[in-house]
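Here's the structure, in structure tokens; my notes come after.
Throughout, residue positions are numbered sequentially from 1 according to the sequence presented. Keep in mind that the numbers below use all heavy atoms, side chains included, and drop hydrogens, waters and symmetry copies.
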Amino acid sequence: MSNKILIYQVLPRLFGNKNTTCKRNGTLKENGAGKMNDFDTTRLRRIHDMGFSHIWYTGVIRHATTTDYSHYGIPRQHPTVIKGLAGSPYAITDYYDIDPDLATEVDKRMDEFEQLVERTHGEGMKVIIDFVPNHVAREYHSICLPNGVKDLGEDDDTSKHFSPQNNFYYCPGQNFISPVSPMQGQEAYEELPAKCTGNDRFDNTPGINDWYETIKLNYGVDYCNYNGRSNHFDPIPSTWSKMVDILMFWASKNIDGFRCDMAEMVPTQFWTYAIRIVKSRYPHIDFIGEVYDKGQYRTYLQSGFDYLYDKVGMYDCIRDVICNRRPANSITYNWQNVDDIKDHMLYFLENHDEQRIASDYFCGDAWKGIPGVIVSVMLQKNPFMLYSGQEFGETGMNEEGFSGKDGRTTIFDYWHLPKLYHGYFDRRKLNRNDKSLQLKYQQILRIANREKAITDGDFFDLMYVNPYTWKFNPRYHFAFLRKFEDEVLLIVVNFSNERSHVGVVIPDHAFEFLNLPEQAFPAVDLLTGEELEINLKRDDTVDMELLPNSGRIYKFNIKMKDNKYNLNPHNKEEFPPAHTAEHLLNQVMVRMYGCERSCNAHIERKKSKMAFKLDHKPDHKEEKAIEKKMNELIEADLSVAYEFLDRNSLPAGISLDRLPEDASQTIRLVRIGEFDACPCIGKHVRSTSQIGRFEMLGTNWDQEKMTFRIRFKVIP
């Protein structure tokens with residue numbers, strides 16, 4: 001089975017920052033910053049448990065900042081050419097260095113980064129970092145250059161506006177004039193000759209809305225000659241060689257991919273040259289390009305990129321659908337527009353440049369984004385990216401300082417994100433709505449990376465046969481099929497704020513294209529566990545109820561022999577906290593003693609008992625260790641999630657020995673974080689903190705049967 005690439009974008013500066021001061025324009029000392037070491041195994045495991053395959057650590061390379069690190073030998077930067085007190089992570093001051101803000105021990109910052117990569121890999125995820133090829137900070141100067149490598153601009157002829165072998169563009173004889181005036185008592189910033197600005201501003205007076213804190217890198221393109229733009233790529237420009245050296249340096253750090261900032265502002269000829277060299281030695285490295293011109297998508301893919309942002313296509317479209325500015329059926333046009341390269345499109349609904357879904361500038365409610373997330377994650381096989389905090393409904397409605405109140409989370413200021421921090425460091429402070437939202441994201445992501453119909457299956461858009469009717473409104477409803485071998489997913493979403501009764505037409509062509517039989521099948525909604533009998537008939541409808549801003553993911557198997565859908569019903573009415581504790585205790589005993597799950601269990605509200613076959617009687621110290629481990633797991637607030645899987649495609653290690661002989665083909669798997677997975681249909685809490693405290697009431701040992709019985713209760 002292929003892997004669905006699911007990327008978690010995170011700024012380490014914000015992620016682990018526990019300082020809640022949040023002073024507008026606060027310094028590092030006042031507002032604090034997160035560290036690379038905040039991504040310990042516990043936090044990384046939680047991220048992976050959400051369903052992510054990759055982490056994009058945004059802003060780890062050293063960039064311009066007003067914070068003084070000169071006592072570590074790091075040059076100070078002039079504040080009039082820095083945006084915000086923390087500075088933009090895209091104004092690089094040393095391509096070979098790590099941002100000191102992120103280090104617990106500044107002198108060991110590169111070691112800490114290498115350890116971060118190792119920890120991330122150890123928890124089953126790959127590492128992506130930024131490559132910023134178009135521009136650098138005004139006062140770029142590398143103090144960490146490898147031996148034998150020359151710094152950018154070191155050999156430039158500054159008397160020329162353009163030279164193919166210069167690294168920068170210049171305004172000979174002219175001083176740079178910053179749009180930001182120095183504060184009282186502050187020396188003016190001096191730059192003579194002025195270097196041209198990163199957003200293709202080729203004079204010495206950029207405006208306040210320009211990228212005035214950056215300077216444009218020269219890849220051999222003369223933008224201002226008398227005959228218009230001209231290319232000078234033979235011999236290979238100096239910048240090409242130096243940037244390849246930088247890529248190879250970071251590739252050697254065992255990373256797995258580069259997110260290439262503003263890739264379309266760099267000539268495609270460079271990318272062809274650079275990517276070929278990097279992949280010849282590091283073939284596993286992925287290149288993700290930030291390209292906004294849809295007309296150039298195919299050109300950049302031909303240059304070697306693996307994936308491209310589909311911002312002006314799918315992102316803009318789904319955002320407009322969520323905000324009721326476009327009909328849902330406009331999604332069809334946008335995937336068709338790139339159908340030949342669809343597997344290379346990277347979908348997202350938030351990133352560091354875009355406004356938060358929950359902000360007043362987007363739609364003001366994180367839950368309204370859920371149907372868009374379902375479509376973005378499950379429409380195709382291509383990657384999906386989520387911005388840290390999105391899963392908890394971060395609003396981006398703070399006025400942090402330079403960033404201002406704009407619905408975006410700042411990349412320029414030292415700041416604290418309460419929902420993000422609580423979500424990974426103190427879940428007790430998350431409210432029920434935030435936890436519910438995260439669990440919904442987790443369901444969607446885990447379905448995407450475990451369902452073969454999503455990772456490997458065919459896709460069939462149903463919108464062309466579902467025009468406006470009393471049963472279907474293409475302004476708000478979107479429907480499609482995914483299929484792999486015998487497994488089929490019918491996915492329908494509702495972008496409206498109203499509950500809808502929907503009837504989805506399945507056309508004759510879908511039966512031919514996907515080789516579907518006309519037959520009734522038992523189906524289960526992977527999001528809710530609700531059952532539905534789907535009667536497949538050509539050009540007939542499948543009817544269902546959709547809640548506001550929600551979706552259905554109905555799964556069925558076309559080889560199922562009977563129409564009876566039965567998840568082993570029983571007459572027990574479980575007490576969810578105790579029943580969830582039963583799962584935890586089973587796994588605790590399995591891991592501590594190498595035994596099987598309990599051979600006898602009676603789980604009740606007031607007190608419960610479970611028996612285990614062991615090779616010895618645990619002593620008092622061991623009993624205390626069991627109780628301690630249980631309460632640690634409860635306090636860790638592990639999520640409880642359900643998956644509905646075909647019994648023939650269960651993960652390794654899942655036993656069906658204890659299920660009845662008449663158990664259904666579809667199995668409900670209960671997962672408690674990454675700690676335990678077990679087939680079960682009982683009631684559970686949504687996360688382990690809802691269990692309360694685990695209290696061991698006593699134990700009994702039967703020497704003849706070698707059975708250890710634990711009596712316990714949970715106190716919610």
Side-chain angles (χ1 to χ4, degrees), residues 7-26 31-34 38 47 50 55-59 83-90 101 130 209 259 261 290 309 311 315-316 318-325 347-373 376 384-425 429-431 433-438 440-441 549:
I7 301 170
Y8 191 65
Q9 183 196 359
V10 60
L11 275 77
R13 183 205 292 164
L14 299 175
F15 178 78
N17 184 18
K18 60 181 178 292
N19 186 321
T20 62
T21 303
C22 292
K23 176 184 176 182
R24 187 175 183 273
N25 286 316
N31 281 1
D38 293 325
I47 294 171
M50 279 288 292
I55 301 184
W56 166 18
Y57 292 112
T58 304
K83 290 183 176 178
L85 296 190
S88 168
Y90 296 97
D101 281 349
D130 291 289
N209 294 319
R259 178 268 183 187
D261 184 69
E290 183 186 20
Y309 275 34
K311 193 272 178 192
Y315 167 85
D316 284 351
I318 292 182
R319 174 171 177 157
D320 282 350
V321 174
I322 292 170
C323 297
N324 199 22
R325 294 191 292 260
Y347 291 166
F348 58 89
L349 280 174
E350 288 187 4
N351 65 34
H352 66 278
D353 287 321
E354 308 301 338
Q355 291 163 332
R356 294 284 194 177
I357 296 169
S359 77
D360 296 347
Y361 298 90
F362 196 132
C363 67
D365 182 350
W367 285 95
K368 290 184 178 180
I370 290 299
V373 173
S376 298
F384 173 77
M385 181 175 73
L386 183 143
Y387 189 32
S388 56
Q390 178 180 341
E391 71 273 40
F392 301 107
E394 282 285 357
T395 65
M397 291 300 293
N398 298 307
E399 193 170 358
E400 305 97 336
F402 183 86
S403 182
K405 191 174 183 179
D406 60 359
R408 297 176 177 86
T409 292
T410 182
I411 63 171
F412 306 105
D413 306 280
Y414 296 112
W415 206 251
H416 168 81
L417 299 182
K419 291 187 179 185
L420 178 63
Y421 184 79
H422 295 155
Y424 288 99
F425 294 89
K429 292 184 179 179
L430 283 178
N431 64 40
N433 184 67
D434 298 336
K435 287 183 179 180
S436 296
L437 182 68
Q438 187 210 10
K440 185 61 66 177
Y441 270 96
N549 304 122

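- Between the side chain of Asn25 and the backbone N or O of Leu85, no donor-acceptor pair lies under 3.5 Å.
- Taking OG1 of Thr409 as the start and CG of Asp353 as the end, the distance is 12.0 Å to the nearest 0.5 Å.
- Aromatic pair Tyr309/Phe348: centroids less than 6.0 angstrom apart.
- Residues Ser376 and Ile318 meet the side-chain proximity criterion, which asks for heavy atoms closer than 4.5 Å.
- Put simply, CD on Glu400 and CG on Asp406 are 7.0 Å apart, with the number rounded to the nearest 0.5 Å.
- In this structure, the ring of Tyr421 has its center no less than 6.0 angstrom from the ring center of Phe392.
- In this structure the side chain of Phe15 reaches within 4.5 angstrom of the side chain of Leu420, judged on heavy atoms.
- Minimum heavy-atom separation, Phe425 to Asp38: CZ-O, 3.8 Å.
- A donor-acceptor contact shorter than 3.5 Å links the side chain of Asn31 to the backbone of Lys23.
- When atom types are taken as modelled, the side chain of His416 and the backbone of Asn17 share a donor-acceptor pair closer than 3.5 angstrom.
- Nearest heavy-atom pair across Tyr424 and Met50 is OH-CG, 4.2 Å.
- Taking every heavy atom of both residues into account, Leu417 and Trp415 meet most closely at CD2-CD1, 4.1 Å.
- Distance check, rounded to the nearest 0.5 Å: CD of Gln355 to CG of Asp360 gives 10.0 Å.
- Asp130 places a side-chain N or O within 3.5 Å of a backbone atom of Gly59 that can act as its donor or acceptor partner.
- Judged by the 6.0 Å distance and 45° axis criteria, Arg356 is not positioned over the aromatic ring of Phe362.
- The two residues Tyr414 and Ala33 come nearest to each other via the heavy atoms CD2-CB, 4.2 Å.
- Between Glu350 and Ala358, the shortest heavy-atom distance links the atoms OE2-N, 4.5 Å.
- Here the closest heavy-atom approach between residue Leu349 and residue Gly372 is recorded as CD1-C, 3.6 Å.
- The NE2 atom of His352 sits 11.5 Å away from atom OG of Ser388, with the distance rounded to the nearest 0.5 Å.
- For the pair Glu394 (side chain) and Lys419 (backbone), a donor-acceptor distance under 3.5 Å is present.
- In this structure, Tyr361 contributes its side chain and Met397 its backbone to no donor-acceptor pair below 3.5 Å.
- When atom types are taken as modelled, the side chain of Arg408 and the backbone of Gly396 share no donor-acceptor pair closer than 3.5 angstrom.
- Residues Glu391 and Tyr8 have side chains in contact (heavy-atom distance under 4.5 Å, counting atoms from C-beta outward).
- A salt bridge links Lys311 with Asp316: at least one charged nitrogen is closer than 4.0 Å to a carboxylate oxygen.
- A donor-acceptor pair is defined here as one N or O able to donate and one able to accept, closer than 3.5 Å; such a pair exists between the side chain of Arg13 and the backbone of Ile411.
- A distance-only check finds a donor-acceptor pair linking the side chain of Ser88 to the backbone of Tyr90 [under 3.5 Å].
- Here the straight-line distance linking atom CD of Gln390 with atom CE of Met385 works out to 9.0 Å at 0.5 Å rounding.
- The shortest distance between side-chain heavy atoms of Tyr57 and Val10 falls below 4.5 Å.
- To the nearest 0.5 angstrom, Thr395 atom OG1 is 12.5 Å from Ile357 atom CD1.
- Taking the side chain as every heavy atom from C-beta outward, Ile370 and Leu437 approach each other to under 4.5 Å.
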